[in-house]
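Have a look at the structure below before the remarks.
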Amino acid sequence: MPELPEVETIANGLQTRVSGDRIESVWLGNKPEPLKSSSAEIARALEGARVGQVRRVGKHIVFDLELARSGGRWQWIVHLGMTGRLLIANPQTELPKHTHLVARLASGRELRFVDPRRFGRLEVRAAGFKGPGAEPLQISAEDFVGLFHRRTAYIKSLLLNQTLLQGVGNIYADESLFRAGVRPRRRAHSLRRAELKKLHARVREVLKEAIAAGGSSVSDYVDADGEAGFFQLQHRVYGRQGEPCLICGTKIKKIIVAGRGTHYCPTCQK
DNA sequence: ATACCGACCTGTCAGC
DNA sequence: TGCTGACAGGTCGGTA
């Protein structure tokens, strides 16, 4: 579900609202848990820890944990998968279905992890998590070109590959390619240098605009306060199959690339 | 190296 | 009303 702008919005909300708070106790659901670390490890790392900085790395939310006792520096890493949510709530409000973790905070509130499809992942690990790829908002145009210009795969597949660029998902890949005028099935090495530079600029532009709008709410995305984002109103191709292109009027096409629904304008994108 | 497919899960919506 | 199938913001592993 959430891509870079949504994860960034959520992480910023959590930084504002829970950083500095202390986790007093943790409840974890059972059965096939959506965990990379064990329940015991997670509970041990979280309970009693003060929450330091909260930020986004790729599509992950990273909580710095400051532990009174063990001294070591740990991080709690949350990947929301398709349907994961991190919500701040009053203890009195009913626990939503599919709640897998509840962290009770010293301030009296709760931080809840809810994930119907269970594609999300929770992990605790030693500090220093960087993620597998480059950050789209930090990489230089030169390095961006270097990432793609020799690769033979479809450019869209590569934009989704988190070990190259981390944070871009299906919506923003389609939106970036539209703005750059590049078809999703172009082989990356067939893109001219100028096209790759343009794509670099458009990826950043789309992500920044989406962050400013609080992300895209396609079906059930909400931020840490339960608020929806608004960038879906600015989608130019994603979800617009059959509708006219906003530039030329051609019907937007939908095909499958890398197993994902892929939207583009056959006229504007070459 | 790359592409496709199924798996992992649940919910929703369109069509019958 | 209820059933069925397709599809959904993500990732992984197997196979050709």
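Proteins get letters first, then strands, A, B, ... in listed order; numbering begins at 1 in each. Source: prediction; values computed, not measured.
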Considering only atom P, compute the distance from B:dC5 to C:dA6 and round it to an integer number of Å.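 Comparing P positions in B:dC5 and C:dA6 gives a spacing of 14 Å.
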Look at the side-chain N and O atoms of [X] and state whether any lies under 4.0 Å from the OP1 or OP2 oxygen of [N].
| X | N | answer |
| --- | --- | --- |
| A:Lys59 | C:dG10 | yes |
| A:His79 | C:dT11 | yes |
| A:Tyr238 | C:dG9 | yes |
| A:Arg260 | C:dT11 | no |
| A:Thr152 | B:dA1 | no |
| A:Arg117 | C:dT11 | no |
| A:His98 | B:dC9 | no |
| A:Lys97 | B:dC9 | no |

Suppose we screen for side chain to side chain contact (heavy atoms under 4.5 Å, CB included). Which residues come up paired with A:Arg150, at least two apart in sequence or across chains? none
Taking any heavy-atom pair under 4.0 Å as a contact, classify [X]: base, sugar-phosphate, or nothing.
| X | answer |
| --- | --- |
| A:Arg150 | nothing |
| A:Tyr172 | nothing |
| A:Gly259 | nothing |

Taking atom [atom2] of [N] as reference, at what distance in whole Å does atom [atom1] of [X] sit?
| X | N | atom1 | atom2 | result |
| --- | --- | --- | --- | --- |
| A:His100 | B:dC8 | NE2 | C1' | 13 Å |
| A:Leu164 | B:dT2 | CG | C1' | 13 Å |
| A:Ile211 | C:dG9 | CD1 | C1' | 15 Å |
| A:Arg185 | B:dT2 | CZ | P | 16 Å |
| A:Ile155 | B:dT2 | CD1 | C1' | 14 Å |
| A:Leu4 | C:dT11 | CG | C1' | 17 Å |
| A:Asp115 | B:dG11 | CG | C1' | 12 Å |
| A:Glu175 | C:dG9 | CD | C1' | 13 Å |

A:Ser216 and A:Tyr238: side chain to side chain donor-acceptor pair (under 3.5 Å), yes or no, with the steps? CA-CA 11 Å; A:Ser216 299; A:Tyr238 185 84; over 6 Å; no
What residues, two or more places apart in sequence or in another chain, satisfy salt bridge (charged side-chain N to carboxylate O under 4.0 Å, His left out) together with A:Glu94? none
Going by the rule salt bridge (charged side-chain N to carboxylate O under 4.0 Å, His left out), which residues pair with A:Arg240 if we only count those two or more places apart in sequence or in a different chain? A:Glu243
Hydrophobic cluster (4.5 angstrom, side-chain heavy atoms) - remaining members for A:Phe129: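 Besides A:Phe129, the cluster holds A:Val57, A:Val62, A:Ile77.
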What residues, two or more places apart in sequence or in another chain, satisfy ring-ring contact (aromatic ring centres under 6.0 Å, His included) together with A:Phe230? none
CA sep, side-chain torsions, deciding dist, call: A:Ser19, A:Arg55, side chain to side chain donor-acceptor pair (under 3.5 Å): CA-CA 10 Å; A:Ser19 181; A:Arg55 65 195 171 286; over 6 Å; no
Stacked pair A:Phe119-B:dC8, distance under 5.5 Å, angle under 30°: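 According to the criterion (under 5.5 Å, under 30°), yes, A:Phe119 stacks.
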Testing C:dG10, B:dA3, C:dC7 for proximity to the side chain of A:Lys254, the answer is C:dC7
For the side chain of A:Arg187, counting heavy atoms from C-beta on, which of C:dG10, B:dT2, B:dG11 is nearest?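 The closest nucleotide is B:dT2.
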For side chain to side chain donor-acceptor pair (under 3.5 Å), just list the numbers for A:Tyr264 and A:Gln241, CA-CA rounded to whole Å, side-chain angles, deciding distance to a tenth of an Å, and then say yes or no. CA-CA 8 Å; A:Tyr264 73 101; A:Gln241 60 274 21; over 6 Å; no
Please convert DNA chain C into dot-bracket. A pair counts if it is Watson-Crick or G-U wobble with both distances under 3.5 Å; crossing pairs go in [ ] and bases paired with another strand get |. .|||||||.|||||||
